[in-house]
> 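Here it is, the structure, as structure tokens.
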There are 2 protein chains.
Amino acid sequence: MFVTGHTRLGSSADLPQGQQKAASIRDVAQAAGVSYQTVSRVINCHPNVREETRKRVQEAITVLGFRRNATAFALASGVNRSITVLTSNTLLYGYAATLQGLEEASRAAGHTLGVRVLTPEDDLDRTIASAADTGGGLVVIGFDRLGAAALDRVPAHVPCAAVVEAPPPGSSPGLPAVWADDREAARSATAHLLALGHDTVHYVAIPASTGSRRSVGPRAEGRRQALESAGVAVPEPSGKGWDAQAGYEAGKKLARDPEATAILCGNDDLALGVLRALHHAGRRVPEDVSVIGFDDAPHSAYVTPSLTTVRMDFQGLGRAAFGLLRTRLDTGQHAPTAPPAEPALVLRESAGPRRT
Amino acid sequence: MFVTGHTRLGSSADLPQGQQKAASIRDVAQAAGVSYQTVSRVINCHPNVREETRKRVQEAITVLGFRRNATAFALASGVNRSITVLTSNTLLYGYAATLQGLEEASRAAGHTLGVRVLTPEDDLDRTIASAADTGGGLVVIGFDRLGAAALDRVPAHVPCAAVVEAPPPGSSPGLPAVWADDREAARSATAHLLALGHDTVHYVAIPASTGSRRSVGPRAEGRRQALESAGVAVPEPSGKGWDAQAGYEAGKKLARDPEATAILCGNDDLALGVLRALHHAGRRVPEDVSVIGFDDAPHSAYVTPSLTTVRMDFQGLGRAAFGLLRTRLDTGQHAPTAPPAEPALVLRESAGPRRT
DNA sequence: CTGAAAGCGCTTACAG
DNA sequence: CTGAAAGCGCTTACAG
């Protein structure tokens with residue numbers, strides 16, 4: 001029988017449990033025999049403080065275990081170094097890696113990072129407002145419909161940056177945003193498959209991030225363009241989801257089509273599902289069918305056959321988005337954020353020359 | 001050529017760019033012709049307000065687009081509904097899923113969730129202090145050495161809950177913590193392999209979370225116990241890392257040992273690496289070697305062979321940890337958190353009867 | 001039901 | 001170099 005437990009861990013620091021109120025700058029001032037303004041000066045490293053009084057105050061601070069109240073500081077100074085990211089997902093590789101880049105960058109800059117997951121049940125305006133109320137600024141991950149919808153509703157006056165799937169249609173000014181060139185990447189992956197001798201390339205799509213129009217997303221678009229400029233047929237995309245299960249469903253159908261010898265997938269999870277469906281159908285990869293994924297998730301190099309895919313620099317995207325938000329927040333200049341790495345096709349085992 | 005870009009997205013809300021200060025409670029009061037205390041009453045849904053004045057205030061609020069300043073509220077009321085989680089990782093499945101459970105629970109409870117990644121370079125005391133300064137409370141993920149070390153340094157007076165790999169040695173009171181019974185799960189997985197006819201079970205370990213002592217972690221411990229009570233040999237564990245690469249390295253050595261017909265892995269990523277190494281060595285799974293993973297990451301069901309593994313309820317662990325912190329924060333009672341699901345062996349293709 | 005006062009813990013000018 | 005004042009935007013008693 002399995003057991004799941006919980007208890008209280010032993011704590012090495014057996015401080016007074018007295019729950020006494022934390023020391024304030026007035027307490028420190030009294031202990032040091034100065035005014036509390038002077039205490040404020042030393043904790044803010046103000047230059048005009050006599051060395052001896054500084055020492056005295058410093059000592060009182062350590063004795064009392066004083067810690068400046070962050071909330072009071074924020075209110076009085078107007079400085080709020082906290083940002084919150086709005087995202088519909090935290091587990092899928094692209095999102096998680098972007099989040100990681102965001103966290104890394106904000107930590108390096110001394111900002112605090114909050115995460116708020118968006119759900120279909122959310123009143124987006126309300127959610128955005130309450131996130132904005134928190135202070136510092138927002139960054140929204142607009143990879144999907146929900147994220148993109150949130151993006152559209154961010155009021156112009158709240159500091160916000162976005163990481164999106166594709167550049168906005170017009171060149172309208174507005175929210176600062178970052179993206180990778182998914183379209184070109186898909187074009188390149190498709191061209192690779194074509195060069196391998198395949199008649200055309202099927203596509204198992206990730207859900208579109210834009211509800212409106214015929215827009216199917218840059219990855220689908222890139223494949224289409226590559227096929228069209230090669231003058232070959234453009235099979236209808238399939239796929240209805242983000243995960244391996246969705247890939248499996250799409251793959252089952254594709255596996256029945258003997259003409260389908262090359263399949264590009266909207267992400268690596270889908271590709272895994274496709275691989276699995278192909279396996280179940282008795283079709284070998286890459287001998288019978290070639291498969292290319294997208295994103296280069298950590299495990300993609302270790303599955304068998306290892307997955308040929310497009311490496312995406314999500315972390316870099318996250319870092320860049322933070323950089324954008326940061327310059328929007330304070331007009332001061334910082335070292336410019338390094339640009340994300342460009343998407344790159346990673347050749348592995350799952351794609352090869354057409355043999356049938 | 002790939003291009004990565006960034007620009008400003010068009011924003012539907014073309015509000016006045018005037019960057020004018022947000023309306024305060026006094027602005028609202030003036031607009032409504034009441035005192036600001038009254039405004040405070042209506043935004044706090046205080047019952048004693050005449051319906052008509054309430055309406056008047058409400059209208060002024062919407063007209064001015066008033067939003068209560070969260071920082072000021074926190075300072076004045078002493079209420080701080082924000083928690084921050086300390087973790088050394090956000091990308092590995094176990095961590096990411098725990099994080100997800102934490103986010104979900106805190107969102108449901110109306111708390112804000114911050115994430116601070118721990119690095120080896122951190123001055124843990126400093127990091128903890130600054131996280132604690134943020135307000136609400138801490139939850140630390142103690143799956144690894146860094147997290148466990150942080151846990152040890154959390155001062156007794158800061159509200160904190162932990163999710164850990166194993167119950168603390170003594171029954172010392174201290175930090176509230178949650179864990180799953182990894183040891184029993186490993187025992188069960190090992191027994192399964194033994195029942196399949198394997199002479200013994202090798203183990204590719206995840207890094208230990210405790211630096212001290214011979215303690216190798218509950219998963220390693222569970223396997224050892226199962227082997228010992230079966231009276232079979234206990235091969236030395238291998239593995240030096242968390243990812244597929246580490247699994248691959250360990251797997252390469254194990255693949256050379258013809259006696260190694262059953263391998264338990266500390267997590268699914270390691271198992272993937274082992275599978276890959278076995279494949280490269282020409283050893284079939286499960287015909288020649290059986291492999292069992294741990295955690296049941298999302299893709300484990302879709303690789304080939306699909307991975308027999310132990311499903312862990314990390315999300316439930318995260319939710320439970322939040323519940324613990326919450327009751328520590330306010331003594332008030334809430335609906336008790338549902339206990340996490342118990343670890344469960346998931347039978348798939350990678351483990352089978354010994355055949356050689 | 002509503003207003004005037006005091007205070008949350010700090011910072012920012014302003015005086016000495 | 002250091003202290004007294006005013007204020008950040010709100011809430012919590014206290015009066016009416």
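What you see below is based on every heavy atom in this structure, not just the backbone, and it leaves out hydrogens, waters and symmetry mates. In what follows, every chain begins at residue 1, and chains take the letters A, B, ... in the order their sequences are listed. Given the structure is predicted, the values throughout are model-derived calculations rather than measurements.
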> Categorize B:T53 for me: base, sugar-phosphate, or nothing, with a 4.0 angstrom heavy-atom threshold over every strand shown.
sugar-phosphate

> Taking CD from A:Q37 and P from C:dT12, how many angstroms apart are they, rounded to a whole number?
13 Å

> Respond yes when some side-chain nitrogen or oxygen of A:S77 is under 4.0 Å from OP1 or OP2 of C:dC10, and no when none is.
no

> Write down the partner of D:dA13 under the Watson-Crick or G-U wobble criteria, each distance required to be under 3.5 Å.
none

> Whole angstroms only, please: what is the CZ-P distance between A:F73 and D:dG9?
15 Å

> Mark yes or no for whether B:N69, through its side chain, and B:T71, through its backbone, hold a donor-acceptor pair below 3.5 Å.
yes

> Return whichever of B:G33 or A:A72 has its heavy-atom-nearest nucleotide of DNA chain C closer to the 5' end.
B:G33

> Applying the side chain to side chain contact (heavy atoms under 4.5 Å, CB included) test to A:T134, which of A:N80, A:T84, A:T112 qualifies?
A:T84

> Hey, which of these two, A:R56 or A:Y36, hits DNA chain D nearer its 5' end, going by closest nucleotide?
A:R56

> Taking atom C1' of C:dA13 as reference, at what distance in whole Å does atom CG of A:N48 sit?
14 Å

> Are any of B:R50's side-chain N or O atoms less than 4.0 Å away from OP1 or OP2 of C:dT2?
yes

> Output the rounded distance in Å from CG (B:D27) to P (D:dC8).
11 Å

> B:I25 has an atom CD1; how far is it from atom P of D:dC10, in whole Å?
6 Å

> So, OP1 or OP2 of C:dT12: does either fall under 4.0 Å of a side-chain N or O from A:S40?
no

> Would you tell me if any nitrogen or oxygen in the side chain of A:T38 comes within less than 4.0 Å of OP1 or OP2 on D:dG3?
yes

> Within the pair A:S35 and D:dG3, is there a side-chain N or O less than 4.0 Å away from OP1 or OP2?
yes

> How many Å lie between CD1 on B:I43 and C1' on D:dC10, as a whole number?
8 Å

> Measure from the side-chain N and O atoms of A:R68 to the backbone N and O of A:S24, and report whether any donor-acceptor pair falls under 3.5 Å.
no

> Atom CZ of A:R54 to atom P of D:dT2: distance rounded to whole Å?
11 Å

> Please name the residue in the list A:L86, A:V85, A:L151 that meets the side chain to side chain contact (heavy atoms under 4.5 Å, CB included) test with A:I141.
A:V85

> Using a 4.5 Å cut-off on heavy atoms from C-beta on, say whether the side chain of B:T87 contacts that of B:Y95.
yes

> Nearest whole Å is fine: how far is D:dC14 P from B:R41 CZ?
14 Å

> Under 4.0 Å between a side-chain N or O of B:R68 and OP1 or OP2 of D:dT11?
yes

> Please give the nucleotide sitting opposite D:dA4 as a Watson-Crick or G-U wobble pair, both distances under 3.5 Å, or none.
none

